[in-house]
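These notes concern the structure reproduced below.
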Amino acid sequence: MKLSNAALKQLPIATPSYDRGSIGIGIAHIGAGHFHRAHQAMYIDRLLEQGLAREWGICGVGVLPSDWPMRDVMRDQDGLYTLICEYPDCSRDARVIGSIVDYRYAPDDPESVIELLAAATTRIISLTITEGGYRDPDGLAFGLITEALARRRDRGIAAPTILSCDNIESNGRVARQAVLANAEGRDPGLAEWVAEHARFPTSMVDRITPGTTPEMAAAVQRDFGVADRWPVLTEPFAAWVIEDDFADGRPPLEKAGVLLVDDVVPYELMKLRLLNAGHQCLCYFAYLCGFEFVHDAARDTLFAEFLLAYFDSEAIPTLPPVPGIDLHDYSRTLIERFANPGVGDKVARLCAYSSDRIPKWLLPVICDNLASDGPVRLAAATVASWARYAEGVDEHGEPIDVVDQLADSLVPIARTQRDHPTAFIDTPLFGDLACQPRFVMAYRWALDSLHRKGARATLEALVR
């Protein structure tokens with residue numbers, strides 16, 4: 001049955017019990033892709049099911065040319081979609097999420113989007129635009145936000161909370177810098193008003209959510225009888241930690257399981273240095289060993305041993321205490337999450353955009369351990385595995401499609417490293433690491449082993 005408001009009562013899976021027509025828009029979310037729909041929209045849906053947050057419905061906003069398919073699906077399905085939760089035992093459940101009550105596509109009608117962002121009822125502007133979106137503060141997203149902020153100031157409307165839901169360190173600070181840079185370029189007085197009145201809380205988001213494939217959509221129709229053109233598949237685990245600093249109120253997120261805290265940093269570092277960096281420790285070795293899916297690599301005892309050794313000996317010692325969390329227990333749950341076959345996450349996805357990821361997630365662990373005389377052998381080997389992967393040819397001579405915004409420069413450099421072993425780490429991405437003898441020694445050993453013996457033998461030497 002085609003997913004729509006009219007079909008909700010006839011669907012064979014859980015659907016919203018609340019009246020979607022009475023939900024007001026309190027949140028405008030830029031970048032309503034698969035992660036947002038598995039995470040933030042799910043939390044708001046939970047609140048709506050409890051009869052809470054009726055003024056906090058979501059309007060999705062697309063700003064990229066590539067967002068037009070989402071525009072069409074959201075309009076065709078009344079903003080509804082199916083969220084599939086895959087459990088490690090291969091069971092699954094499904095629910096239709098109803099918290100996205102509108103969707104607007106800025107390339108079609110930028111004025112409509114600006115007025116949405118400028119409306120007094122829109123009290124939170126949230127973002128999932130990934131790392132690259134913040135490097136261009138003059139891009140469309142921040143241009144729209146700045147124009148909306150200018151209209152709010154001129155109309156005497158309260159400034160909103162701008163809430164980054166991106167997987168980057170200090171995302172609130174990064175969002176603030178991008179917005180203020182755009183506002184400063186337009187009007188220094190506007191930048192001062194924004195700095196004084198708007199709020200940019202940092203948040204930590206956590207839920208493994210692969211991109212939707214046609215096979216997933218076909219499985220939803222086959223298994224649940226729902227014709228959904230863009231369902232979302234995810235894992236049972238979900239976490240959201242937010243700095244409790246909002247400009248104009250907020251939904252009662254704590255009643256949906258969100259943790260509101262004064263300081264997100266310990267939780268953020270835990271996530272970035274364990275889950276995110278752990279993905280990088282896994283993915284290049286896994287790709288070179290011939291694994292297609294993350295769960296198959298994580299179920300391999302050798303890979304699990306390598307990850308746990310990295311967590312215990314190199315990552316956890318660099319972390320501050322995290323209130324309410326046992327870091328060793330958390331790291332072991334990561335192995336279970338990575339090994340969940342239902343998620344079907346692909347190794348190639350984790351290998352993509354490494355020049356954005358490795359410097360933010362793994363290099364800080366290396367730098368902290370170098371400063372404290374801690375071990376760096378496993379993290380250095382992970383960097384070497386990226387360098388070997390970046391050569392663009394696997395161990396059987398087959399080409400690797402290196403997906404990275406710096407691929408055009410990194411791949412040719414990586415291909416010189418059999419003759420020049422430090423060529424890759426001499427690039428600006430690595431700061432002064434090429435001048436750090438302990439790191440260079442561990443890196444060169446791993447790179448040489450990868451070239452001479454291969455990925456699996458290198459891992460065996462590292463853990464055994």
Side-chain angles (χ1 to χ4, degrees), residues 274 277-315 331-332 334-335 338-339 345-352 354 357-358 361-363 365-366 369 374-402 404 410-411 413-425 430 433-434 436-464:
L274 296 177
H279 267 159
Q280 307 314 117
C281 290
L282 175 84
C283 66
Y284 312 106
F285 280 110
Y287 193 102
L288 294 169
C289 286
F291 288 104
E292 179 182 3
F293 290 100
V294 175
H295 63 265
D296 287 327
R299 289 183 165 201
D300 185 310
T301 302
L302 177 61
F303 280 81
E305 288 179 9
F306 177 67
L307 287 173
L308 288 173
Y310 161 75
F311 294 148
D312 288 345
S313 66
E314 297 189 14
S331 68
R332 275 132 186 88
L334 291 179
I335 303 295
F338 294 173
D345 204 4
K346 290 196 172 182
V347 171
R349 183 187 76 86
L350 303 186
C351 293
S354 304
R357 296 173 172 181
I358 290 282
W361 302 342
L362 189 65
L363 297 192
V365 174
I366 295 170
N369 278 320
V376 297
R377 188 165 177 251
L378 305 180
T382 297
V383 175
S385 71
W386 173 30
R388 170 64 187 87
Y389 168 89
E391 292 174 10
V393 180
D394 71 13
E395 294 182 359
H396 302 288
E398 297 297 321
I400 297 173
D401 180 18
V402 179
D404 196 290
L410 290 179
V411 171
I413 292 170
R415 288 177 176 172
T416 72
Q417 60 194 356
R418 290 178 186 264
D419 296 322
H420 305 285
T422 62
F424 197 77
I425 59 172
F430 295 93
L433 281 179
Q436 300 291 329
R438 284 207 300 126
F439 170 76
V440 173
M441 181 181 300
Y443 171 83
R444 290 190 62 170
W445 175 88
L447 185 62
D448 176 68
S449 179
L450 286 162
H451 283 146
R452 291 190 304 107
K453 299 179 180 179
R456 191 167 191 93
T458 301
L459 279 179
E460 288 172 347
L462 287 165
V463 302
R464 293 173 182 165

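Values below: every heavy atom of this structure, side chains too, minus hydrogens, waters and symmetry copies. Throughout, numbering of the chain's residues begins at 1 and tracks the sequence.
Residues forming a salt bridge (Lys or Arg N to Asp or Glu O under 4.0 Å) with Arg415 (at least two apart in sequence, or on another chain): none. Ser449 pairs by the side chain to side chain donor-acceptor pair (under 3.5 Å) definition with Thr458, not counting sequence neighbours. Residues passing the side chain to side chain donor-acceptor pair (under 3.5 Å) test with Gln280, sequence neighbours excluded: Tyr284. Qualifying side-chain contact (heavy atoms from CB on, under 4.5 Å) partners for Ala446, counting only residues two or more places apart in sequence or in other chains: Ala381, Ala384. Take Ala455 and apply the side-chain contact (heavy atoms from CB on, under 4.5 Å) test, not counting sequence neighbours, and it matches Phe285, Leu288, Cys289, Glu395, Leu450. In this structure, the side-chain contact (heavy atoms from CB on, under 4.5 Å) partners of Ala304, at least two apart in sequence or on a different chain, are Ile335. Residues forming a side-chain contact (heavy atoms from CB on, under 4.5 Å) with Ala434 (at least two apart in sequence, or on another chain): Ile425, Asp426. In terms of the salt bridge (Lys or Arg N to Asp or Glu O under 4.0 Å) criterion, Asp296 has no residue partners (sequence neighbours excluded). The salt bridge (Lys or Arg N to Asp or Glu O under 4.0 Å) check on Asp300 picks up Arg456, with sequence neighbours excluded.
Asp345 contributes atom CG, which lies 4.0 Å from atom CZ of Arg349 (distance to the nearest 0.5 angstrom). With rounding to the nearest 0.5 angstrom, the CG atom of Leu362 is 10.0 Å from the CH2 atom of Trp386. Here the straight-line distance linking atom SG of Cys283 with atom OH of Tyr287 works out to 11.0 Å at 0.5 Å rounding. One distance of note links SG of Cys281 with CG of Leu378; it measures 7.5 Å at 0.5 Å rounding. We find the NE2-CZ distance between His451 and Arg418 to be 4.0 Å, quoted to the nearest 0.5 Å. The OH atom of Tyr310 sits 12.5 Å away from atom CG of Leu282, with the distance rounded to the nearest 0.5 Å.
For residues 281-295, the salt bridge (charged side-chain N to carboxylate O under 4.0 Å, His left out) pairs, not counting sequence neighbours, are Glu292-Lys346. Among pairs with a residue in residues 302-313, those fulfilling salt bridge (charged side-chain N to carboxylate O under 4.0 Å, His left out) read Glu305-Arg464, Asp312-Arg332, at least two apart in sequence or across chains.
Nearest heavy-atom pair, Ala387 versus Leu447, reported as atom, atom and distance to 0.1 Å: CB-CD1, 4.5 Å.
A distance-only check finds no donor-acceptor pair linking the side chain of Glu460 to the backbone of Leu302 [under 3.5 Å]. A donor-acceptor pair is defined here as one N or O able to donate and one able to accept, closer than 3.5 Å; no such pair exists between the side chain of Arg357 and the backbone of Cys351. Here the side chain of Glu314 pairs a donor or acceptor atom with the backbone of Arg377 at under 3.5 angstrom. Of the possible polar contacts, one joining the Arg388 side chain to the Val393 backbone as a donor-acceptor pair under 3.5 Å is found.
Applying the side-chain contact (heavy atoms from CB on, under 4.5 Å) test between Ser354 and each of Asp404, Val383, Val402, Leu410 identifies Asp404 as the sole match.
Relative orientation of the Phe338 and His279 rings is parallel, given thresholds of 30° and 60° on the angle between their planes.
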Original post:
Could you walk me through whether Val347 and Phe293 pass the side chain to side chain contact (heavy atoms under 4.5 Å, CB included) check?
Top reply: CA-CA 5 Å; Val347 171; Phe293 290 100; 5.7 Å; no
List, one per line, each side-chain donor-acceptor pair under 3.5 Å for residues 437-445, sequence neighbours excluded.
unit_1	atom_1	unit_2	atom_2	d
Arg438	NH1	Gly374	O	2.9
Arg438	NH2	Asn369	O	3.3
Arg438	NH2	Gly374	O	3.0

